[in-house]
2 protein chains.
Amino acid sequence: MLSRSRNPANQPTIGDIIQEVPVIAIHARFGASEACFGKDEEIYGESEPADCIFEVISGAVRSYKVLSDGRRQICAFHLPSDIFGLENGINYRFTAEAIVETTARVVRRHSLEYVAASDIRVARNLLSMTARNLLHAENHMLLLGRKTSLERVAAFLLEMDQRLKGTGMIALPMCRRDIADYLGLTLETVSRALSYLRDQHVLEFSETSQRQIVLQDRQQLQKLDS
Amino acid sequence: MLSRSRNPANQPTIGDIIQEVPVIAIHARFGASEACFGKDEEIYGESEPADCIFEVISGAVRSYKVLSDGRRQICAFHLPSDIFGLENGINYRFTAEAIVETTARVVRRHSLEYVAASDIRVARNLLSMTARNLLHAENHMLLLGRKTSLERVAAFLLEMDQRLKGTGMIALPMCRRDIADYLGLTLETVSRALSYLRDQHVLEFSETSQRQIVLQDRQQLQKLDS
DNA sequence: CGACTATTTGAGGCGTATCAAGAAGTGTGG
DNA sequence: CCACACTTCTTGATACGCCTCAAATAGTCG
């Protein structure tokens, strides 16, 4: 099972949604294709018709909402093997942009819905994906409503470490402003929190880049996450 | 169709989930019963086994998470005809408490899942409910991450007005602290925002109670909501 | 009526935002 | 490979919005 083997965290891929069929078969069954997006390129805009569903192959994507005066809230980052663009209504609820050069598998929505209408296992996978997104959103509400800046940054680092295979070596694809807009802070506050954690020997920046972070004391981070 | 007639906003009731069967029939089919909860009584606790699904008949319920030091984030208020306690995982993700004296229809989870496993229309209704919850959570993330206290209170009033039939007469079942914990603020800040809106003639308190609010300028509120 | 809870209002403090400047990193063309 | 422009990140100084603490008022219920 191709789609299972690269899926340790039990997150369904588009292959899993149509029941563990190897990715190759999905292409045949759904006419899935691949698309490539440059850095900062928009993949779709908020309230556009939601025609396609995407699975990140490589790169990273941000999904966000904006207020009329430009304040932005990033609601999720999508990393390789993540699915995004799954909608129940007619239109997309977010704008999605590639954070770095990104390739994605693209499935037409009606193809998937056609199968889901007759196959209850497909429908159940759609439900479990949506439930997973809901779980993440609810935890993020607690973070945005009640955690301090340090707690937010600690939670972010733990989330990224976990999603980037938990090696303690985090290669962040996104800039400080993206992190800030995800955590409901400013980029300066994020930077200060990271510097503080570095001074406390909880983490280290790599020599080459401030986006490469090495976790040195995960227990301390977990304590900060409350 | 009983369940349709009291359902103008197209929110599925437990009746709708099993396809528009009148409520009477649900009781027979699922063995649904009714339960009553006193003010501040816990309905279920976070991470308890999620055995039951509830539909508010009368009253109001809050669903919340807490941090170890007591900070609380209310993620949703449940009003009459709302369903809550629907989980995809094994355990509840929130604590649910009655805000006032509340009666609810109770359905055993496995009864519903038994039907959903074979009936794709039931499964699709479960998906659409979860998607609706997700939509609300995502909008609330924007509020918690990026809106000012005044914008949050304005958004709250508009949400409550809409859910309480949009008459402009809002009888809030919850106290200021509950509102604050829903909006990621303190109760004093909520109180100050409401007083400010009263001074601006955007709303009025009823003579009898500060929980009865009359909206006088909804346009102004919508402007504040960004 | 009296005890208790909920709400309002005020004064002051704190945490994060804002503004600003410099350092570090990245990319491009010569 | 370096020079230059540009973006990203860090750090400092200050401002401000919301929180905290406190007290008075209003509302609720026995």
Side-chain angles (χ1 to χ4, degrees), chain A residues 38-40 62 67 69-73 99-101 143-154 156 170-200 203-213 224 226, chain B residues 38-40 60 62 67 69-73 99-101 143-154 156 170-200 203-213 224:
Chain A
K39 181 168 146 66
D40 294 327
R62 56 181 170 248
L67 295 173
D69 63 356
R71 281 172 289 171
R72 184 178 72 155
Q73 179 63 46
I99 295 173
V100 293
E101 187 89 5
L143 178 147
L144 292 171
R146 288 301 180 211
K147 291 190 182 179
T148 66
S149 61
L150 197 57
E151 291 167 343
R152 296 180 199 207
V153 170
F156 170 76
I170 308 178
L172 296 172
M174 72 289 284
C175 66
R176 300 291 190 258
R177 171 170 296 281
D178 285 341
I179 299 172
D181 285 350
Y182 180 61
L183 299 178
L185 300 169
T186 60
L187 65 93
E188 293 94 331
T189 300
V190 170
S191 179
R192 274 184 248 270
L194 289 172
S195 296
Y196 172 82
L197 292 170
R198 179 201 56 202
D199 296 346
Q200 299 291 310
L203 58 82
E204 253 180 4
F205 294 132
S206 118
E207 293 138 20
T208 57
S209 159
Q210 296 124 316
R211 297 220 188 152
Q212 287 268 135
I213 290 176
L224 286 172
S226 290
Chain B
K39 180 167 145 67
D40 295 326
R62 56 181 171 250
L67 295 174
D69 63 356
R71 281 173 289 172
R72 184 178 72 155
Q73 179 62 47
I99 295 173
V100 293
E101 187 91 5
L143 179 146
L144 293 171
R146 289 303 180 209
K147 291 190 181 178
T148 66
S149 62
L150 197 59
E151 290 168 343
R152 295 181 201 206
V153 171
F156 171 76
I170 308 178
L172 296 173
M174 73 289 284
C175 67
R176 300 291 190 257
R177 172 170 295 280
D178 285 341
I179 300 173
D181 284 348
Y182 179 61
L183 299 178
L185 301 168
T186 59
L187 64 94
E188 294 95 332
T189 299
V190 170
S191 178
R192 275 184 248 270
L194 288 172
S195 297
Y196 172 81
L197 291 170
R198 179 200 56 203
D199 295 346
Q200 299 290 311
L203 57 83
E204 254 180 0
F205 293 133
S206 119
E207 294 137 20
T208 57
S209 160
Q210 298 123 315
R211 298 223 187 152
Q212 287 269 136
I213 290 178
L224 286 172

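Letters go in sequence order (proteins before strands), and every chain restarts at 1.
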I need the [atom1]-[atom2] distance between [X] and [N], as an integer number of Å.
| X | N | atom1 | atom2 | value |
| --- | --- | --- | --- | --- |
| A:Arg192 | C:dC19 | CZ | C1' | 11 Å |
| A:Met174 | D:dT8 | CE | P | 14 Å |
| B:Lys147 | D:dG17 | NZ | P | 18 Å |
| B:Leu194 | D:dC18 | CG | C1' | 15 Å |
| B:Leu187 | C:dG10 | CG | C1' | 15 Å |
| A:Tyr196 | C:dG15 | OH | P | 12 Å |
| B:Gln210 | D:dT28 | CD | P | 8 Å |
| A:Arg177 | D:dC9 | CZ | P | 10 Å |

Heavy-atom check, side chain of A:Arg62 versus side chain of A:Asp40, under 4.5 Å: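 The answer is yes; the side chains approach within 4.5 Å.
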Does any part of the side chain of A:Leu203, heavy atoms only, come nearer than 4.5 Å to the side chain of A:Ile170, both counted from C-beta?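 No, too far: nothing below the 4.5 Å cut-off.
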Pick base, sugar-phosphate or nothing for [X], based on heavy-atom distances below 4.0 Å to the nucleic acid.
| X | answer |
| --- | --- |
| A:Arg71 | nothing |
| B:Gln212 | nothing |
| A:Thr186 | base |
| A:Arg152 | nothing |
| A:Ser195 | sugar-phosphate |
| A:Phe205 | sugar-phosphate |

Report yes or no: does [X] contribute a side-chain atom to a donor-acceptor pair with the main-chain N or O of [Y] at less than 3.5 Å?
| X | Y | result |
| --- | --- | --- |
| B:Ser191 | B:Leu187 | no |
| A:Glu204 | A:Arg198 | no |
| B:Gln212 | B:Phe205 | no |

Does B:Ser149 make a side-chain N or O approach to OP1 or OP2 of D:dC18 shorter than 4.0 Å?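 For B:Ser149, the contact criterion (side-chain N or O under 4.0 Å from OP1 or OP2 of D:dC18) is met.
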Considering just the side-chain nitrogens and oxygens of B:Thr189, establish if one lies under 4.0 Å of OP1 or OP2 belonging to D:dC19. yes
By nearest nucleotide on DNA chain C, pick out whichever of A:Glu207 and B:Arg211 is the more 5' one.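 Comparing both residues, the 5'-ward one is B:Arg211.
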Toward the 5' end of DNA chain C, which comes first, A:Thr148 or B:Glu188, by nearest nucleotide? B:Glu188
Which is more 5' along DNA chain D, the nucleotide nearest B:Leu150 or the one nearest A:Val190? Just name the residue.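 With B:Leu150 and A:Val190 compared, the 5'-side residue is A:Val190.
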Minimum-distance nucleotide (side-chain atoms of B:Lys39 versus D:dT28, C:dA6, D:dT10):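 The nucleotide sitting nearest to the side chain is C:dA6.
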